[in-house]
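Have a look at the structure below, then the notes.
Every heavy atom of this structure was used, including side-chain atoms; hydrogens, water molecules and symmetry mates were not. Just so it is clear, the structure is predicted and the values come from calculations on it, not from any experiment.
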Amino acid sequence: MAKKWYENAYRRHLMDMHIEDWSDEFFSKLDVDKYYENLVKAKIQSPMIYFQSHVGLCYYDTKTGKKHRAFEKDNKIKRLVKKCIDGGMKVVGYYSLTHNTWAEINHPDWAMKYESGLRPVEAGSRYGLCCINNQDYLDFTEQQIKEFSEQFEGISGVFYDMPFWPLVCRCDACKKRWAEEVGGEMPTENVNDERWLLYVRKSQIWMGEYTKWIKDITLKYMPNVTVEFNYAGAVAFTWPSCGSTELINDNCEFAGGDLYGDLYNHSFTAKYYSDITRNKPFEYMVCRCDNVLQEHTISKTYDQLKTEMCLTAAHHGANFIIDAIDPRGTMDDRVYETLGHIFDYLIPFEKYYEGDLLADVGVFYDTKTIFNTKRGYEGCNRISAINATRTLIENHVPVTVIANPTLNKAYNYKAVVAGELENFYPEYEEIFIDYVKNGGTLYLSGRSNFNLMKEFFGAEFKDYTVENRTFIRPANGTQILGEFTEQYPLPINYCLPIYEVKNKDVIIGKITLPYTDPKDNLHYASIHSNPPGIDTEYPGMMMVSYGKGKVIWSAAAIEQEKRMGFKKVFMNVIRELVGQENFSLTAKLSSTVETVTFKNDGAMYISMIELVNHEDHLNKDFILKVKTTNSPKKVLELPTEKEISFEYKDGYTVIRGVTENFSMLKIVL
């Protein structure tokens, strides 16, 4: 079977070109030859080129919209696309969905609307927004796709940006669809209102149906291209009605998106994309500017860019670099020299991007429930998943991320972390139950899913503590809470859920309350704090054997805390679930260095990447203990394939060495 264009295209690029046309200066210095030469200099295999932008102006001949006047006499974009294709590059076209300022201004009836009835541009936004429920806007979009399909021959793919709800839309089209499918008035935001939760579901379903429609329309006019949607919102956004769920990813040839968090967030997203992508490699977009795209005159340092790009490489993903054009159409040549040097370093590793990500722990990330129904803190499954993954990385536990559509992969892992579950979509309940019944181990936290709590612990949810300063003390001889004792319990800065259980033997931690209600500032024990004073019998932590497996629940979401004391308790939980001798890999190595392992039938590939951005990366000693069935044939340092020494003892291959900011080893089995 012939390979798809993207399978070996690990070096990709986009020049951000959201430029207005009220000045003759804009795009006046765009040089097609220079643009292409910079792509070649940077070793780019697949450039993404703008067909249109958030501004809404088209970079091709259009009868439905408005062409950017810089290209009226000379269609430089069309010449650029052809030049790249003739040069052997795989060109992907860029088109902005929902964000179209020209369309909102010229067709105000297409616009999304706030609760107030104002359109975004009316409210002072630069970004005009068109509603996906408006049939006239859909017809316009189809005609634009048809137009550019006829003008850009030979392209390999189309990328659609901004497939999400930037606001809770209350336009006439949304009201009409809600009335037809549900009935009654559209609800206001309230996480405790079932109609609001139904609206959240609808916003997710509508966006999934919209992206399916866009994909089908694209393939109708261009049957040989790949279709991709920007799937960054599933990790980046924090409001539930954004609609960014795997329903969008279902319509992507491969997963990808532009993220702007720290390196640990980058690592989390790479694992998530690696898990859900329909085809490999996933695509991770990195901006070369040092302040997202707000300041194109300042670049990340060589070391910053290299670290980010190496982190994607460690996860066997495709590096996608976003640059921002100067309005005059010029490019900073120095950026492409830097990219060329970094890719020169990474290209020799590309042939080793094979195998499947090896993990002992799967962290469950539920994109459908990125909302908070708790009391006293901003907790949710999203925060739980990201921070749990970070702690596991810091402790060199082989970890990955699993999602709703891939939850059956849970059976591959020795433990699953499922913090802050909701009762929103219950599809995962039976899988978790069966997973534990057949020998898996599971961590739950917070109020959690009522049905799972009843199934595993016979627990009934009653309420939350009135007190928003609480504690958990050890019970029944547990050592999981580590340094925290009955007299000095684990402090929690929010209300805890109260569950009632008949079997007290499952309780390994109990809730302690302060002497007084922390909200009463006239009656207190200590003026600076709310120290523990009242022991209750409410469960604060429980552990139970179920079938062949085990479940641990914590009333507090200890996995989402960044303080070291909490991280130690969370790691005690993980060691209890997995078993200290059952980890596939252990490392004596700095906590700032992540290990990422891939495995196929004949080899294991272990990358070590430093998750700290600074100019001087210090070499760090390491000792890796990797569980292998037999003594390996050899261990190679990549990409030189120089053999390095190792020893095989008690079922583990032990490797000692020194790592820089990025290293890769191959264990030949």
Side-chain angles (χ1 to χ4, degrees), residues 13-32 34-35 38 47-81 92-112 118-131 137 140-141 143-145 147-148 151-152 158-164 166-167 230 258 260 285 287-289 291-299 322-332 335:
H13 171 272
L14 170 69
M15 176 59 76
D16 197 78
M17 293 170 57
H18 302 287
I19 305 297
E20 258 284 8
D21 74 344
W22 51 263
S23 171
D24 289 337
E25 193 168 336
F26 298 160
F27 283 128
S28 61
K29 295 186 178 180
L30 179 63
D31 185 327
V32 169
K34 190 68 172 178
Y35 192 127
N38 275 326
M48 184 180 291
I49 298 175
Y50 271 55
F51 292 173
Q52 165 258 26
S53 76
H54 295 345
V55 177
L57 302 177
C58 298
Y59 299 158
Y60 58 87
D61 295 332
T62 177
K63 295 179 181 178
T64 58
K66 181 178 184 293
K67 186 177 183 180
H68 196 294
R69 66 191 183 100
F71 305 123
E72 287 177 350
K73 295 180 180 179
D74 182 357
N75 195 331
K76 293 182 179 180
I77 299 302
K78 190 170 184 179
R79 288 200 289 115
L80 174 63
V81 168
V92 175
Y94 172 101
Y95 187 91
S96 175
L97 301 172
T98 70
H99 287 53
N100 189 318
T101 302
W102 177 89
E104 185 197 309
I105 291 172
N106 287 274
H107 300 276
D109 53 316
W110 299 355
M112 293 187 188
L118 288 177
R119 295 181 285 109
V121 173
E122 281 183 307
S125 174
R126 292 184 178 187
Y127 302 93
L129 303 175
C130 296
C131 184
Y137 173 62
F140 164 80
T141 305
Q143 289 306 306
Q144 291 228 310
I145 293 171
E147 284 179 341
F148 70 67
Q151 297 181 48
F152 296 104
V158 181
F159 172 90
Y160 292 103
D161 203 0
M162 318 308 270
F164 66 94
L167 53 86
N230 190 341
D258 58 325
Y260 303 97
M285 300 177 174
C287 182
R288 69 86 180 166
C289 305
N291 188 18
V292 195
L293 292 167
Q294 296 173 5
E295 297 170 337
H296 75 279
T297 61
I298 182 170
S299 294
I322 300 176
D323 192 7
I325 204 161
D326 184 86
R328 290 164 293 188
T330 60
M331 305 166 72
D332 188 340
V335 170

Could you tell me which non-hydrogen atom of [X] sits nearest to which non-hydrogen atom of [Y], and how far apart they are?
X	Y	value
Y35	M48	OH-O, 4.3 Å
M15	A324	SD-C, 3.5 Å
G65	W102	CA-CH2, 3.5 Å
A123	L118	CB-CD1, 4.4 Å
I19	P327	CD1-CA, 4.0 Å
M112	C130	CE-O, 3.4 Å

- Message: Working note: D326 + R328, criterion salt bridge (charged side-chain N to carboxylate O under 4.0 Å, His left out); need CA distance, chi angles, decisive distance, verdict.
- Response: CA-CA 5 Å; D326 184 86; R328 290 164 293 188; 2.8 Å; yes
Give a yes or no on whether the backbone of [Y] and the side-chain of [X] come within a donor-acceptor separation of less than 3.5 Å.
X	Y	result
K76	L30	yes
N75	F71	no
R288	H296	yes
S53	H18	no
E104	V121	yes

Rounded to the nearest 0.5 Å, what's the gap from [atom1] on [X] to [atom2] on [Y]? Could you check?
X	Y	atom1	atom2	result
D109	C131	CG	SG	11.5 Å
Y50	F159	OH	CZ	8.0 Å
I77	F27	CD1	CZ	6.5 Å
S96	F51	OG	CZ	14.0 Å
H54	T98	NE2	OG1	8.0 Å
L57	T101	CG	OG1	9.0 Å

- Between D61 and K78, does at least one N-O distance fall below 4.0 Å, as a salt bridge requires?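 K78 and D61: not salt-bridged.
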- Task: State whether R69 and D24 are salt-bridged, where the test is any N-O pair (Lys NZ or Arg NE/NH1/NH2 against Asp/Glu carboxylate O) under 4.0 Å.
- Result: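 Yes, R69 and D24 are salt-bridged.
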- How far apart are the C-alpha atoms of K66 and D21, what are their side-chain angles, what is the distance that settles it, and do they pass the salt bridge (charged side-chain N to carboxylate O under 4.0 Å, His left out) test? CA-CA 10 Å; K66 181 178 184 293; D21 74 344; 2.6 Å; yes
- Task: Please check if the distance between the ring centroids of Y95 and Y59 is under 6.0 Å.
- Result: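 No: the rings miss the under 6.0 Å criterion.
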- Does the side chain to side chain contact (heavy atoms under 4.5 Å, CB included) test come out yes or no for C289 and I298, once each step is laid out? CA-CA 6 Å; C289 305; I298 182 170; 5.7 Å; no
- Task: Go through the steps to decide whether D161 and Y94 satisfy the test side chain to side chain donor-acceptor pair (under 3.5 Å), and finish with yes or no.
- Result: CA-CA 7 Å; D161 203 0; Y94 172 101; 2.6 Å; yes
- Message: Between Y127 and P120, is there a side-chain heavy-atom distance shorter than 4.5 Å?
- Response: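 With C-beta onward as the side chain, the pair stays apart.
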- Task: With the side chain counted from C-beta on, respond yes when P47 and L14 share a heavy-atom pair under 4.5 Å apart, and no when they do not.
- Result: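 Heavy-atom side-chain distance check fails, nothing below 4.5 Å.
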- Query: What do the steps show when you test N100 against Y137 for side chain to side chain donor-acceptor pair (under 3.5 Å), and what is the final call?
  - Reply: CA-CA 10 Å; N100 189 318; Y137 173 62; 5.4 Å; no
- With side chain to side chain donor-acceptor pair (under 3.5 Å) as the test, would you mind laying out the steps for Q144 and T64 before giving the verdict? CA-CA 7 Å; Q144 291 228 310; T64 58; 3.2 Å; yes
- Query: Would L167 and L129 count as a side chain to side chain contact (heavy atoms under 4.5 Å, CB included) if you check the C-alpha gap in whole Å, the side-chain angles of each, and the deciding distance to 0.1 Å?
  - Reply: CA-CA 9 Å; L167 53 86; L129 303 175; 3.7 Å; yes
- Dump the intermediate steps for side chain to side chain contact (heavy atoms under 4.5 Å, CB included) on D258 and I322, then the final yes or no. CA-CA 9 Å; D258 58 325; I322 300 176; 3.7 Å; yes
- Item | F140 atom CZ, over 12 foreign heavy atoms within 6.0 Å |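 Buried by this count: over 12 neighbours within 6.0 Å.
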- From H68, E147, K67, residue fulfilling side chain to side chain donor-acceptor pair (under 3.5 Å) relative to T62: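 Result for side chain to side chain donor-acceptor pair (under 3.5 Å) with T62: E147.
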- Message: Quick one, L97 with T141, criterion side chain to side chain contact (heavy atoms under 4.5 Å, CB included). Give me CA distance, side-chain angles, the key distance, then yes/no.
- Response: CA-CA 8 Å; L97 301 172; T141 305; 4.2 Å; yes
